[in-house]
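Contents: one structure, followed by commentary.
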Amino acid sequence: MKLADNKATLSFSNGSPSVEMPVYQGSIGPDVIDIRKLYAQTGMFTYDPGFLSTASCQSAITFIDGDKGELLYRGYPIEQLATQCDFMETCHLLLYGDLPNASKKAEFSKTVRMHTMVNEQMQFFLRGFRRDAHPMAIMTGLVGALSAFYHDSTDINNPEHRDISAIRLIAKMPTLVAMAYKYSVGQPFMYPKNELSYAGNFLHMMFATPCEPYTVSPVLERALDRIFILHADHEQNASTSTVRLCGSSGTNPFAAIAAGVACLWGPAHGGANEACLNMLEDIQKMGGVSKVGEFMEKVKDKNSGVKLMGFGHRVYKNYDPRAKLMQETCKEVLQELGLENDPLFKLAMQLEKIALEDEYFVSRKLYPNVDFYSGIVQRAIGIPVGLFTAVFALARTVGWIAQLNEMIGDPEYKIGRPRQLFTGSERRDVKPLAGR
Ligand code: CMC
């Protein structure tokens with residue numbers, strides 16, 4: 001970390017001595033005030049629920065400029081990665097710090113391919129779930145269960161274990177998501193086919209059956225690959241911070257990633273793609289485009305509890321660059337499938353148009369986020385709504401593991417242990433039961 005020339009001084013109105021704190025500079029983005037000695041010097045904590053002003057770590061992986069609407073993985077703009085690279089290259093970039101050359105790419109892709117199968121026993125574990133279980137419930141269980149099957153890669157302090165668990169997680173996530181889907185529809189599991197690309201293989205495991213030949217559509221394969229790239233990492237979001245916090249106790253990588261899957265499930269985070277599609281379907285059932293105005297009034301009414309899902313972001317106060325790319329992919333996919341007049345897409349465009357002109361959204365800087373269009377693309381590909389967040393988890397796994405490994409390699413890393421402002425009862429004595 002690079003010290004800035006200036007320091008921060010914290011002064012108190014009650015005459016307590018002021019405290020000087022160092023300031024560090026990042027390569028881009030806001031500087032940070034180092035408050036680590038604050039408690040020792042003043043006996044006080046800082047208070048920042050929701051981490052609105054708190055950097056929880058230093059990281060060199062992903063940078064977001066929320067005002068500009070810019071997203072960089074290891075310095076590369078997401079627009080260039082999405083149009084010039086594939087997901088395997090993006091995984092290499094996030095994990096190892098740079099884009100691979102052709103031979104490194106081939107070697108990395110081969111290594112991932114060699115790990116796509118899961119221990120056969122995993123399917124018996126999966127069969128313990130109800131057929132109608134939510135795929136994210138299944139994924140939380142399955143990913144955690146990997147630690148019970150791959151004992152030789154569970155030591156987070158061993159660099160070789162970390163490396164192999166990273167590859168295993170990236171390679172096996174598509175297999176697990178597809179197994180969760182096949183189980184829900186009562187079809188046989190399809191083993192991975194390693195001559196296919198990462199996205200192609202996922203499509204094959206999802207939609208092929210042992211009875212019919214299955215050909216991967218290059219347009220859908222490219223669309224899915226783009227979904228994976230756009231979701232691969234997003235700096236210190238809720239699920240990534242969960243993975244870091246969970247991993248900071250020294251637990252194994254599979255357990256830490258399972259915690260990330262659980263966090264991602266929530267509708268304020270990865271679950272928004274499912275919630276957004278459900279919202280579009282609900283409006284469609286109410287009457288479609290003609291009901292958009294009425295729906296928007298509900299969204300703006302604080303007492304209704306209704307939100308425009310797929311809109312707003314803690315960091316982006318401008319158009320989410322991933323949403324732009326996703327909208328492009330959405331058009332391409334719908335055209336390929338002859339669904340240009342898809343009513344949900346039309347509805348989404350109409351909602352977006354109104355929201356971008358409406359004072360409520362403009363003044364709060366609420367723009368579409370990645371989830372606004374990703375659900376429509378996934379649905380067009382044939383992925384059921386309940387599986388959307390699992391596909392997000394599949395794609396985000398590389399980001400989680402890159403962030404986890406970065407944390408373990410950071411000499412400043414400590415177990416995460418926030419403090420609190422206690423507002424409960426002061427010390428009191430227990431009265432005998434009869435006297436309470
Ligand atoms: N619809 C209506 N109002 C909204 C929305 C929305 N989608 N998002 C924010 N607002 C309002 C909010 O009520 C608040 O208004 P006011 O200042 O009058 O109280 C203001 O905008 C600021 O919102 P906030 O809740 O303080 O912002 P936050 O940073 O805590 O929350 C968010 C960010 C993403 C949780 C929120 O915008 C939201 O719930 N959006 C819908 C869910 C969604 O699409 N999530 C996906 C996020 S991107 C992918 C991912 O991270 O997984």
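Reckoned from all heavy atoms, side chains included, excluding hydrogens, waters and symmetry mates. All ligand and atom numbering here is 1-based and tracks the order in the structure.
Counting only heavy atoms, the protein gets under 4.0 Å from atom 19 (O) of ligand 1. Protein heavy atoms are absent from the space less than 4.0 angstrom from atom 24 (P) of ligand 1. At least one protein heavy atom sits closer than 4.0 Å to atom 43 (C) of ligand 1. Distance remark: protein heavy atom not present below 4.0 angstrom from atom 27 (O) of ligand 1. Under the 4.0 angstrom criterion, atom 49 (C) of ligand 1 counts as having a protein heavy-atom contact. There is no protein heavy atom closer than 4.0 angstrom to atom 31 (O) of ligand 1.
Scanning all protein heavy atoms for the shortest distance to atom 47 (C) of ligand 1 gives N369 ND2, 3.6 Å. Counting only heavy atoms of the protein, atom 14 (C) of ligand 1 lies nearest to K302 NZ, 3.9 Å. Nearest protein neighbour of atom 33 (C) of ligand 1, counting heavy atoms only, is R314 N, 3.8 Å. Taking atom 10 (N) of ligand 1 as the reference point, the nearest protein heavy-atom neighbour is L366 CD1, 3.6 Å. Distance from atom 36 (C) of ligand 1 to its nearest protein heavy atom, with residue and atom name: K307 NZ, 4.0 Å. If you check which protein heavy atom lies closest to atom 11 (C) of ligand 1, you get Y360 OH, 3.7 Å. For atom 52 (O) of ligand 1, the nearest non-hydrogen atom of the protein is H269 ND1, 2.7 Å. Nearest protein heavy-atom neighbour of atom 7 (N) of ligand 1: L308 O, 2.7 Å.
For the residue pair Q58 and Y24, no side-chain donor N or O sits within less than 3.5 Å of a side-chain acceptor on the partner. S56 and R244 share no donor-acceptor pair across their side chains, judged by distance under 3.5 Å alone. Between the side chains of D301 and Y360, no donor-acceptor pair of N or O atoms lies under 3.5 Å. With 3.5 Å as the limit, one finds a donor-acceptor pair spanning the side chains of S59 and E406.
In this structure, E412 pairs ionically with R36, as a charged nitrogen and a carboxylate oxygen lie closer than 4.0 Å. Between D86 and K105, at least one side-chain N (NZ, or NE/NH1/NH2) sits under 4.0 Å from a carboxylate O, which counts as a salt bridge. Between R222 and E336, no side-chain nitrogen of the basic residue sits less than 4.0 Å from a carboxylate oxygen of the acidic one, so the salt-bridge criterion is not met.
Considering backbone and side-chain atoms together, K317 places no N or O closer than 3.5 Å to any N or O of ligand 1. Of the N or O atoms in F392, none lie within a sub-3.5 Å distance of an N or O in ligand 1. In terms of N/O distances under 3.5 Å, ligand 1 is approached by G310. No N or O atom of F361 sits closer than 3.5 Å to an N or O atom of ligand 1. Taking distance alone, with nitrogen or oxygen atoms compared against 3.5 Å, A268 approaches ligand 1 more closely than that limit. Residue F311 has at least one nitrogen or oxygen atom sitting less than 3.5 Å from a nitrogen or oxygen atom of ligand 1, judged on distance alone.
Around the NZ atom of K37, the shell of radius 6.0 Å holds no more than 12 heavy atoms that belong to other residues, nucleotides or ligands. Remark: M117 CE is loosely packed, at most 12 non-hydrogen atoms of other residues, nucleotides or ligands lying under 6.0 Å away. The environment of F51 atom CZ is sparse: at most 12 non-hydrogen atoms of other residues, nucleotides or ligands sit within 6.0 angstrom.
Set against the non-hydrogen atoms of G270, the atoms of ligand 1 under 4.0 Å away are 52 (O). The ligand atoms of ligand 1 that sit less than 4.0 angstrom from a heavy atom of V299 are 1 (N), 2 (C). Residue A272 approaches ligand 1 through these ligand atoms, each under 4.0 Å from one of its heavy atoms: 43 (C), 44 (O), 45 (N), 46 (C).
The aromatic rings of F254 and Y150 lie tilted to each other, with the angle between the two planes from 30° to 60°.
For R364, every heavy-atom contact with ligand 1 shorter than 4.0 Å involves the side chain, none the backbone.
Listed by chain and number, the residues in a side chain to side chain donor-acceptor pair (under 3.5 Å) with E274 are H134 (sequence neighbours excluded).
You'll find the ring centres of F129 and Y183 outside the 6.0 Å limit.
Looking at L394, L126, I138, L146 one by one, the single match for side chain to side chain contact (heavy atoms under 4.5 Å, CB included) with L176 turns out to be L146.
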